[in-house]
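Here's the structure, in structure tokens; my notes come after.
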Amino acid sequence: MRKLSQLFLTALLLAASQFANAQTNVGINNPTPDASAALDVTSTTQGVLVPRMTLAQRNLINQISGVSTPATGLLIYQTDNTPGFYFYNGSAWTTLTGTNGQGVPTGGVANQVLAKVDGTSYNTAWVTPTSGSLAASIINTSTTLSGTNNQFIVASGAITITLPSAPVAGQQVSIFPETSSANINVNPNGKKFRQGGIDYDTSNLFDFGVPTSSTRGLTLIYSGQKWYPVSL
């Protein structure tokens with residue numbers, strides 16, 4: 001009888017071992033988890049709750065876990081300092097929600113732009129544009145531009161965009177209206193616009209030939225003395 005019990009126990013352990021080896025994913029409330037998922041949770045009344053922590057606690061993850069950097073893809077919910085879901089993209093913590101927008105790194109200062117960290121991933125970081133590079137902005141309040149880099153602007157609302165006070169020859173500013181072009185004024189900031197052999201001061205995009213109900217835009221090119229408009 002004892003030998004039979006031992007044989008039965010051995011067979012049971014072998015069966016359990018084979019089942020464990022065959023089970024490559026786990027289903028919660030789901031006996032047949034999707035084959036592409038390591039974990040498949042099914043529920044109509046509950047959600048998945050990820051770790052919640054403060055910014056200070058998030059910054060201690062490396063010290064507590066004893067690793068040099070968090071794992072790429074690590075996800076937490078931050079409860080202060082712009083609360084929301086954050087994940088580590090391999091070089092920085094980025095937010096999935098909140099004012100920064102999806103996948104945008106935290107930090108950054110005025111007039112900085114996002115740039116890819118390398119050529120093989122989608123990771124981005126805040127950088128300051130250098131002369132001759134292109135800076136992109138979304139503007140919905142009256143703004144004075146600065147710097148000598150080329151600029152690409154999506155503008156909305158009844159606003160005035162004042163061009164840089166010290167542009168360089170060849171500098172370009174492209175403006176695309178998100179609303180009516182007649183509501184968007186452009187101030188040459190002490191310079192002149194030149195069109196059709198005539199000099200102009202402050203004008204709006206409609207006067208430059210941009211239709212009021214169109215996605216067309218305008219590029220202003222500085223000659224070294226005046227801004228020349230080119231409708232797009």
Side-chain angles (χ1 to χ4, degrees), residues 13-141 143 147 149-154 156 176 178:
L13 290 174
L14 286 173
S17 175
Q18 290 177 354
F19 176 78
N21 289 334
Q23 187 74 10
T24 58
N25 55 357
V26 176
I28 298 179
N29 295 329
N30 185 351
T32 56
D34 191 283
S36 66
L39 175 64
D40 189 344
V41 181
T42 300
S43 177
T44 59
T45 58
Q46 296 172 301
V48 175
L49 194 60
V50 303
R52 294 149 292 169
M53 62 187 71
T54 65
L55 173 62
Q57 292 169 332
R58 186 195 79 186
N59 291 337
L60 290 174
I61 287 178
N62 294 4
Q63 299 178 29
I64 295 174
S65 61
V67 297
S68 58
T69 59
T72 299
L74 190 67
L75 178 69
I76 61 103
Y77 185 88
Q78 187 171 301
T79 57
D80 65 351
N81 291 282
T82 312
F85 289 99
Y86 288 78
F87 73 97
Y88 194 75
N89 69 5
S91 60
W93 285 99
T94 64
T95 175
L96 291 174
T97 58
T99 57
N100 288 329
Q102 182 173 355
V104 177
T106 55
V109 297
N111 296 321
Q112 285 192 314
V113 298
L114 287 175
K116 285 175 63 64
V117 173
D118 53 54
T120 59
S121 70
Y122 292 98
N123 299 337
T124 57
W126 290 106
V127 298
T128 300
T130 57
S131 178
S133 62
L134 176 66
S137 305
I138 298 176
I139 294 176
N140 54 22
T141 58
T143 302
N149 53 289
N150 297 331
Q151 300 196 42
F152 181 96
I153 296 168
V154 176
S156 64
F176 283 79
E178 194 174 45

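Only a predicted model underlies this, so the values are computations on that prediction, with no experimental measurement involved. Positions are given from 1, in the same order as the sequence printed here.
Put simply, the side chain of Met53 reaches to within 4.5 Å of the side chain of Ile61, judged on heavy atoms. Contact check for Leu74 versus Trp93: side-chain heavy atoms found under the 4.5 Å cut-off. Counting heavy atoms from C-beta outward, Asn30 and Thr32 have side chains that approach closer than 4.5 Å.
Annotation: the span from Ile139 atom CD1 to Gln151 atom CD amounts to 7.5 Å, rounded to 0.5 Å. In this structure, the separation between CZ on Phe87 and CG on Leu75 is 9.0 Å, given to the nearest 0.5 Å. Annotation: the span from Asp34 atom CG to Asp40 atom CG amounts to 6.0 Å, rounded to 0.5 Å. The distance from the OG1 atom of Thr79 to the CD atom of Gln57 is 6.5 Å, given to the nearest 0.5 Å. Atom-to-atom distance recorded for Leu60:CG and Thr54:OG1 is 8.0 Å, nearest 0.5 angstrom. Rounding to the nearest 0.5 Å places CG of Asn25 at 9.0 Å from CG of Leu39.
Distance alone, capped at 3.5 Å, is enough to place a donor-acceptor pair between the Asn29 side chain and the Thr42 backbone.
Annotation for Tyr77 and Pro83: closest pair OH-CB, 4.1 Å, computed over non-hydrogen atoms. Residue Gln78 comes nearest to Asp80 through the heavy atom pair NE2-O, 2.8 Å, listed as atom of the first residue, atom of the second, then distance.
Scanning for side chain to side chain donor-acceptor pair (under 3.5 Å) contacts around Ser43 gives an empty result, with sequence neighbours left out.
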